[in-house]
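Before any comments, here is the structure.
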Amino acid sequence: MNNILKGAGLALALSAGMAIAPTAASAQTLTVDVDQVYKDSLGGKNGGDQLEAKYGPRLKAAQEKLQTSITGWNTQLEAAKKVVKPDGTLPPANQTAIDQARQSLNESKTAFDELRQEIQYADQYVKYQILEKLVPVTEKIRKDRKAGLVVPRASVLAFDPVNDITPVALQQLNTTLTTVSITPPQQNQAAPAQGTAPAQPAKQQPQSR
C-alpha cells in the first residue's frame with residue numbers, strides 16, 4: 001500500500017518545481033517527455049507485452065460477449081414494441097425473453113467493466129515502477145547540468161528542445177530497468193491512484209431506445 005501510494009508522490013516530484021519557477025527564473029529548466037518514456041522504455045515495452053499477452057484475448061472475448069448481449073437486448077426490445085399492450089404489459093413469453101436479455105446485458109457489461117478496470121490498474125502499476133526509477137535518473141541529470149528544475153514536457157506550453165532531456169533520461173533508465181511486473185501488490189484491496197478498493201460496478205438497467 002505504502003509503495004503504491006508513493007507513486008502519487010513520485011508523480012508530483014516531477015512537477016513540484018513548477019510552483020517555484022517564478023522565483024527561480026534564472027535557473028535552467030529541463031523537460032522530460034514522461035509519456036514517451038512510458039511508451040519507449042524497455043520497462044514500458046516489457047509491461048505492454050505482458051499486458052497484451054495476459055489480457056488481450058480476455059478483453060476481446062469480453063467485448064464480443066458484450067456486443068452479442070447488446071444485439072440480443074435490442075432484438076428483444078424491438079420485438080416487445082410490436083406486442084406491448086396498451087397498459088404497457090407484455091405477453092409472458094416476451095416478458096421472459098426481455099428479462100433474460102436484460103440480465104445477460106447487465107452481466108456482460110459488469111464483466112467487461114471489471115476486466116477493463118483490472119487492466120487499467122495493472123497499467124498504472126507498470127507506470128509507477130517506471131516513474132520510481134525515472135525520478136532519480138532525472139535528478140542526477142539535473143545536478144549534472146546544474147539546472148533548477150525538471151518538469152514533465154506535457155505540463156509546459158513551450159520549451160527549448162536543447163533543454164529536453166528525454167533521450168538521455170530514456171537511455172539511462174534502460175540501464176536500470178528492463179522488466180516490470182504487471183501484478184500490483186494487494187490487487188484486490190487497493191488501487192494505485194486512490195489507495196482504495198475498486199468499486200464493484202453497479203448493475204444498471206439498459207436504456208430503452
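We're numbering straight along the sequence, starting at 1.
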Assess the residue pair Leu66 and Leu105 against the criterion (side chain to side chain contact (heavy atoms under 4.5 Å, CB included)); give the C-alpha distance rounded to whole Å, side-chain angles, the decisive distance to 0.1 Å, and a yes or no. CA-CA 7 Å; Leu66 177 58; Leu105 178 55; 4.0 Å; yes
Evaluate Thr183 against Tyr125 for side chain to side chain contact (heavy atoms under 4.5 Å, CB included), listing each step before the verdict. CA-CA 8 Å; Thr183 305; Tyr125 183 54; 5.8 Å; no
Take Gln129 and Ser181 through the side chain to side chain contact (heavy atoms under 4.5 Å, CB included) test and state the conclusion after the steps. CA-CA 8 Å; Gln129 293 169 83; Ser181 169; 3.9 Å; yes
Carefully, step by step, assess Lys65 and Thr68 under the rule side chain to side chain contact (heavy atoms under 4.5 Å, CB included). CA-CA 5 Å; Lys65 186 174 182 179; Thr68 298; 5.6 Å; no
Side-chain donor/acceptor pairs under 3.5 Å, residues 165-172, sequence neighbours excluded:
| unit_1 | atom_1 | unit_2 | atom_2 | d |
| --- | --- | --- | --- | --- |
| Thr166 | OG1 | Asp33 | N | 2.7 |
| Thr166 | OG1 | Asp164 | OD1 | 3.2 |
| Thr166 | OG1 | Asp164 | OD2 | 3.1 |

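In this structure the side chain of Arg116 reaches within 4.5 angstrom of the side chain of Asp113, judged on heavy atoms. Looking at Asp49 and Glu52, their side chains never come closer than 4.5 Å, going by heavy atoms from C-beta outward.
Looking only at atom types and distance, the side chain of Gln50 has a donor-acceptor partner in the side chain of Asn46 under 3.5 Å away. In summary, the side chains of Tyr121 and Gln117 do not present any donor paired with an acceptor at a separation below 3.5 Å, with no hydrogens or angles considered.
What you find for Asp87 and Thr89 is that their closest heavy atoms are OD1-OG1, 2.7 Å. For the residue pair Val137 and Lys133, the shortest heavy atom distance occurs at CG2-O, 3.3 Å.
Tyr55 is connected to Val180 through a chain of hydrophobic side-chain contacts under 4.5 Å among Ile, Leu, Val, Met, Phe, Trp and Tyr, so both are in one cluster. Follow the hydrophobic side-chain contacts under 4.5 Å out from Leu59 and you reach Ile182 in the same cluster. Connection of Val126 to Leu42 is not established within any shared hydrophobic cluster, with ILVMFWY side chains joined at heavy-atom distances below 4.5 Å, either directly or through further cluster members.
Distance alone, capped at 3.5 Å, places no donor-acceptor pair between the Gln28 side chain and the Asn163 backbone.
Lys140 has a carboxylate O that lies under 4.0 Å from a charged side-chain N of Asp144, or vice versa, which qualifies the two as a salt bridge.
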